[in-house]
Peer 1: 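Input: one structure, supplied below.
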Amino acid sequence: MESPFSEYLDSGYSPSNAEIPLIKALIQQKLDVIGSIDKEIKEVEDSLAALKVRRKANKLFIRKHQALIAPIKLLSPDILSTVFLACLPGIDCTEAAMTPNHPAVVISQVCRQWRQLAFDTPLLWSRIQLILPNVGCDPYLPPNEAERVNGETAGLFDSFVQRLFDATTIWLSRSRDCPLSIFMEASEYAAGGFDTSQLKTLEGSVLMGLGKLVGLLASESKRWEQVRFKLAIVGNSRKSQLSRLLFLTPRDVPNLRKASIVINPVEVLVPISPSVGSEPTDFWDGIAMGTIHGQALQSLTLACPKAATKLKALQVNWAGLAELSLRPHTLGVPDLTTDEALNLLRLCPNLKRCSLAIGNGYLSSGWQTPPPVWAVGPVQDGPVCRLPYLHSLILREDGGRTDSLASALDLPSLRSFTQISPVHWPMQPPMDFPSSHLNPEGENVWNIIPLAKWVQRFGHTITSIDFKHVGVPQHAVERCLEDLPNLISLTIRSPFSESWNMNMALPWGSAPGCDSFLKRLTPEVIEDGDTVTVTPGFLCPKLEDLALNTSIPSHAHLLFNETSVLEFITGRAKASLETVPEVSRVSKLRYLSVRFVNPKVVDIKQELSSRGFNLEGFVGEWSYPDPPRPHSYLRTPQIGDFAMDEFSN
């Protein structure tokens, strides 16, 4: 801006007395201009604020009117209630706790219409979860201290039980006449073990609280459809409250279709003071759990003391079961013998899925420890047990083998077979092992892996194998796979004997791995112009899912080199192309999980892409070892970052 004093600005010039009034007049002139500008700014700001208010009002108008035509507003109540039901978590999930954060409660607080619809959808409130804390107190505390601690603990437990009781009452009321699904996890530990005066307050509080909840559930037993009980029960009928859940009559549970009862063996066997009464073993011996005797029962899971699983006492509708999981135990050791398992299976001709823990029964006959895996005995003579609908079988061999059981079964529909054993293989019997318990076939039994007999019998129908036998020979596994032409899914959870022996002595990164096993699964494709042929002789042409990861906490693993894994994937990919004749074409690989011998060198995903392979629909999970630590050869796997699609096992 022009000024008569421009040449003097930003200098040391001192104006004269005559110039000072002129300078003040210039300043006042510009102050008037600024005042005018501020006025214009205020007018513009007021106008802008008014525009923002109008804009906000119009946005609110649009949002509210858009809500009127939102897709969820157009859903009919029955479809919307189905959406509500789909929001419910699994009954044993943390989110299923009956708290203000439960999905049913959250849904009912969205709006008036949703609240009413939630209350009009009784199935939304038909899942009852009761998880109670396991309370106890050190019986060796000084009397005064024990009395104070027990009193405080009892007060907290009473408060917790009351909140749970109130919530359960609301859920039961809102569920109306709908079938109920119940999950209860509770312990009577505070009422077992030491019988001291200091524990009376806490014991009474626990038993009273549990009895209150049990009574509430039992009052609605006619609506029970599915129950899952994880209970630690004191072995004394005069004190136990949780045992009331087991001793209902079939008429009390006419609609019970699915029951899972797990009794913790550690807490069940907490010693009871002689002044209390009967021993725990007397309580379980031949008890009749009437709750599972209903005619509607289709699925049964039972893990409890062996004495409680006597068939004479268990009047279960075995012929009506489609699912059965049984794991009896003595001192925590499964001891369902092969004979007992066979007798049980003869009673269940309509089974579709079955899981059994096979032991040997010696512990309950006087043995101090269960005999190891080489104790094998034939099953009793009798007709072959035919289970025409059984398609999934899980066997946990804790101390015994099931080879002889395979020859006594006829399973024409068997598709999925799982065999898990914690015992290292192979093993030789000790010098003083009783000869009466040895199989007459001798060493042939020790050298044939437990999976072999089952594969020989049912390999033509099995499509999924999952097994864990630590230290089985690789060649024995390969022989089994030769008898599985229709195998689609293979999971191996334990190292081969070759891997075990190598990795015990070799330092980190120097083990040659198990590439020869992967080589047997890799097809060789020969391209000659337009002719594509696949060389025969490889294993499992229909294989789609392969998991070779040990699940034991050990430095012995199934380990592979990146090169062999790449050859396996590319070989399978080439052999599955449509250019390959259908008669020799293999199935497309969907999932692979392996551990590598050495740290990451090649980017598997990038390498496969560079070779022109379409990775759509394929999931790979890699585990790499950490760099070695000084004086340590332990491998700590790190999950790789290669996952092009989600995979749920």
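These numbers were taken from a predicted model, which means no experiment stands behind them.
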Peer 1: Just so I know, are the side chains of Leu180 and Trp171 near enough to count as touching, which here means a heavy-atom distance under 4.5 Å?
Peer 2: no
Peer 1: Verify side-chain contact (heavy atoms from CB on, under 4.5 Å) between Trp125 and Leu88, making sure each step is shown before the conclusion.
Peer 2: CA-CA 10 Å; Trp125 311 91; Leu88 293 179; over 6 Å; no
Peer 1: Just checking, any donor-acceptor pair under 3.5 angstrom between side chains of Ser76 and Asp78?
Peer 2: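 The answer is yes; a qualifying pair exists.
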Peer 1: Going by atom types alone, do Glu225 and Ser181 pair a side-chain donor with an acceptor below 3.5 Å?
Peer 2: no
Peer 1: Could you go step by step and tell me if Asp158 and Lys212 meet the salt bridge (Lys or Arg N to Asp or Glu O under 4.0 Å) rule?
Peer 2: CA-CA 11 Å; Asp158 291 341; Lys212 188 176 181 180; over 6 Å; no
Peer 1: Identify, with sequence neighbours excluded, every residue that meets side-chain hydrogen bond (donor to acceptor under 3.5 Å, both in side chains) alongside Glu185.
Peer 2: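 If we apply the side-chain hydrogen bond (donor to acceptor under 3.5 Å, both in side chains) test to Glu185, skipping adjacent residues, there are no hits.
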Peer 1: Taking atom types as modelled, is there a side-chain donor on Glu19 or Tyr13 under 3.5 Å from an acceptor on the other?
Peer 2: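 Judged by distance alone, the side chains do pair up.
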Peer 1: Are more than 12 heavy atoms, taken from residues, nucleotides or ligands other than Asp32, located less than 6.0 Å from that residue's CG atom?
Peer 2: yes
Peer 1: Can you measure from SG (Cys87) to CZ (Phe84) and round to the nearest 0.5 angstrom?
Peer 2: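 Between Cys87 SG and Phe84 CZ, I get 7.5 Å after rounding to 0.5 Å.
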Peer 1: Is there a donor-acceptor contact under 3.5 Å linking the side chains of Arg223 and Ser175?
Peer 2: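 Indeed, the side chains of Arg223 and Ser175 share at least one donor-acceptor pair under 3.5 Å.
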Peer 1: How far does CZ of Arg112 sit from CG of Leu117, to the nearest 0.5 angstrom?
Peer 2: 14.5 Å
Peer 1: With side chains defined as the heavy atoms from C-beta onward, is the minimum distance between Ser260 and Phe229 less than 4.5 Å?
Peer 2: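 Side-chain contact under 4.5 Å: no.
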Peer 1: Tell me which one of Leu521, Thr522, Val586 satisfies side-chain contact (heavy atoms from CB on, under 4.5 Å) with Phe538.
Peer 2: Val586
Peer 1: Does a donor on one side chain and an acceptor on the other come within less than 3.5 Å for Arg163 and Ser159?
Peer 2: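 There is such a pair (donor and acceptor under 3.5 Å, judged by atom type) between the side chains of Arg163 and Ser159.
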Peer 1: Do the side chains of Arg228 and Ile182 get nearer than 4.5 Å, heavy atoms only?
Peer 2: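 No, side chains not in contact.
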Peer 1: Just by distance, with hydrogens left out, do Ser564 and Asp515 show a side-chain donor and acceptor under 3.5 Å apart?
Peer 2: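 Note: Ser564 and Asp515 side chains meet the donor-acceptor criterion.
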Peer 1: Apply the test salt bridge (Lys or Arg N to Asp or Glu O under 4.0 Å) to residues Lys42 and Asp38: give CA-CA distance (whole Å), side-chain angles for both, the deciding distance (0.1 Å), then the verdict.
Peer 2: CA-CA 6 Å; Lys42 186 176 184 308; Asp38 288 341; over 6 Å; no
Peer 1: Do the side chain of Thr99 and the main chain of Asn101 share a donor and acceptor less than 3.5 angstrom apart?
Peer 2: yes
Peer 1: Would you check if the side chain of Ser173 reaches a backbone N or O of Thr169 as a donor-acceptor pair within less than 3.5 Å?
Peer 2: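 Looks like no, no N/O pair under 3.5 Å.
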Peer 1: Testing Leu548, Ile569, Asp545, Leu543 one by one against Leu592 for a side-chain contact (heavy atoms from CB on, under 4.5 Å), which residue passes?
Peer 2: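 Exactly one option meets the side-chain contact (heavy atoms from CB on, under 4.5 Å) with Leu592, and it is Ile569.
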Peer 1: For Glu578, does the CD atom sit with more than 12 other heavy atoms under 6.0 Å from it, leaving out its own atoms?
Peer 2: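 Counting other residues, nucleotides and ligands, CD of Glu578 stays at 12 neighbours or fewer.
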Peer 1: Tell me every residue that passes ring-ring contact (aromatic ring centres under 6.0 Å, His included) with Phe517, counting only those two or more places apart in sequence or in another chain.
Peer 2: Phe496
Peer 1: Ignoring hydrogens and geometry, is there a side-chain-to-backbone donor-acceptor pair from His102 to Met98 under 3.5 Å?
Peer 2: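 Not confirmed, His102 side chain does not pair with Met98 backbone.
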